[in-house]
Amino acid sequence: MTDKTPLEEAFEGEIWAPTEFYANHFKLWVAVVVQAGIAFYVLWKWIQSGSQDMLVPILCAVLLGIAWLFMQQARDTSPILSYSDEGLTDRRHGFIPWDKIAGYQYKKTIFSQAFGYSLIKGEQPPKAVWIYRIQAAINLVSGRPARVWQKHMVVGGLEPMLYGARAKRPDLDKT
């Protein structure tokens, strides 16, 4: 007779790790309110001052555009990242098979934490290729993977993302 519970017996030899990760919707909604609030306040002050400078409404329109983008992200309840045995699904870039991924990495510094992945040179994601390329160029300077998430962006932090990736493909870990 064994001292293991039925649950322990069912998962014996299995490594359990989360496979779906969600955006921090509260922080996204706070960003919407702050961006829109700043834009409307500045616009209101501009109207009161009677100024003819057109730079202010243009900047306010940019702030409202950013607020709109945050709102779109906050309204989307699908996972921002999920893992399967075949690959990962990035909400922005679509499904990417594991054999197209060069590696994933968790980086922790004094000022920030980031988790992300990079594709093999020459590969591109199925969606939003130009966003991936811009992110990759920016992140290359800091030595981070091409596609990253910051700690404040993800419910539960980044360590579960790392554990989930390690459970599916430990050979791709570049941490």
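Bear in mind the structure is a predicted one, so any value in this text is a computation, not a measurement. Throughout, residue positions are numbered sequentially from 1 according to the sequence presented.
- Both M153 and Y104 sit in one connected hydrophobic cluster of ILVMFWY residues. Membership requires side-chain heavy atoms under 4.5 Å apart, directly or through other members.
- Atoms CD and OG, on E123 and S118 in that order, are 13.0 Å from each other to the nearest 0.5 Å.
- The shortest side-chain heavy-atom distance between L119 and Y132 falls under the 4.5 Å cut-off.
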**OP:** Determine, stepwise, if the pair C60 / V42 fulfils side-chain contact (heavy atoms from CB on, under 4.5 Å).
**Re:** CA-CA 7 Å; C60 289; V42 169; 3.8 Å; yes
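- Distance alone, capped at 3.5 Å, is enough to place a donor-acceptor pair between the H93 side chain and the K127 backbone.
- Between the side chains of D53 and S51, no donor N or O sits under 3.5 Å from an acceptor N or O.
- One N or O on the side chain of Y83 and one on the backbone of M161 form a donor-acceptor pair closer than 3.5 Å.
- Residues E159 and Y106 have side chains that bring a donor and an acceptor to within less than 3.5 angstrom of each other.
- P125 is listed as a side-chain neighbour of I96, based on a closest heavy-atom distance under 4.5 Å.
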**OP:** Kindly determine whether E86 and F95 satisfy side-chain contact (heavy atoms from CB on, under 4.5 Å), including the steps that lead there.
**Re:** CA-CA 9 Å; E86 294 78 34; F95 176 76; 3.9 Å; yes
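- Note that CD1 of I101 and CZ of R147 are 12.0 Å apart. Values are rounded to the nearest 0.5 Å.
- Within the model, atoms CG of D173 and CZ of R166 stand 4.5 Å from one another, a figure rounded to the nearest 0.5 Å.
- Environment of NZ in K108: sparse, with no more than 12 heavy atoms of neighbouring residues, nucleotides or ligands closer than 6.0 Å.
- Considering every non-hydrogen atom in both Y22 and T77, the closest pair reads CE2-O, 3.5 Å.
- Heavy atoms only, all atoms of each residue included: A23 and L28 are closest at CB-CD1, 4.0 Å.
- A36 approaches L64 most closely through the heavy-atom pair CA-CD2, 4.0 Å.
- One distance of note links CZ of F21 with CZ of F115; it measures 7.5 Å at 0.5 Å rounding.
- Without hydrogens or angle criteria, R91 side chain to S78 main chain gives a donor-acceptor distance under 3.5 Å.
- A single hydrophobic cluster is not seen to contain both M54 and V62; linkage of ILVMFWY side chains at heavy-atom distances under 4.5 Å, directly or through other members, places them apart.
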**OP:** Mind running side-chain contact (heavy atoms from CB on, under 4.5 Å) on L158 and W149 for me, showing each step along the way?
**Re:** CA-CA 8 Å; L158 300 173; W149 290 268; 4.2 Å; yes
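- Closest heavy-atom contact between V32 and M71: CG2-N, 3.3 Å.
- In this structure, D85 and K168 approach most closely via the heavy-atom pair OD1-NZ, 3.1 Å.
- Minimum interatomic distance between S84 and W98 (heavy atoms only, all atoms of both residues): O-NE1, 2.9 Å.
- Placement of L162 and L88 within a single hydrophobic cluster is found when ILVMFWY residues are connected by side-chain heavy-atom separations under 4.5 Å, directly or transitively.
- A single hydrophobic cluster is seen to contain both I47 and I38, as judged by linkage of ILVMFWY side chains at heavy-atom distances under 4.5 Å, directly or through other members.
- Between the CG atom in L59 and the CG atom in L63 there is a gap of 7.0 Å [rounded to 0.5 Å].
- Here the side chain of Y117 pairs no donor or acceptor atom with the backbone of L172 at under 3.5 angstrom.
- Using a 4.0 Å cut-off between charged nitrogen and carboxylate oxygen, R92 and D90 do not count as a salt-bridge pair.
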**OP:** Could you please spell out the steps behind the side-chain contact (heavy atoms from CB on, under 4.5 Å) verdict for Q124 and R133?
**Re:** CA-CA 9 Å; Q124 57 187 12; R133 288 182 180 159; 2.9 Å; yes
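- Side-chain N or O atoms of N139 include one that pairs as donor or acceptor with a backbone N or O of P145 at under 3.5 Å.
- Heavy-atom contacts from other residues, nucleotides or ligands closer than 6.0 Å to CD of Q52 number 12 or fewer.
- Taken together through direct or relayed side-chain contacts under 4.5 Å among Ile, Leu, Val, Met, Phe, Trp and Tyr, V34 and L43 form part of one hydrophobic cluster.
- To the nearest 0.5 Å, the span separating OG1 on T89 from CD on E20 amounts to 9.0 Å.
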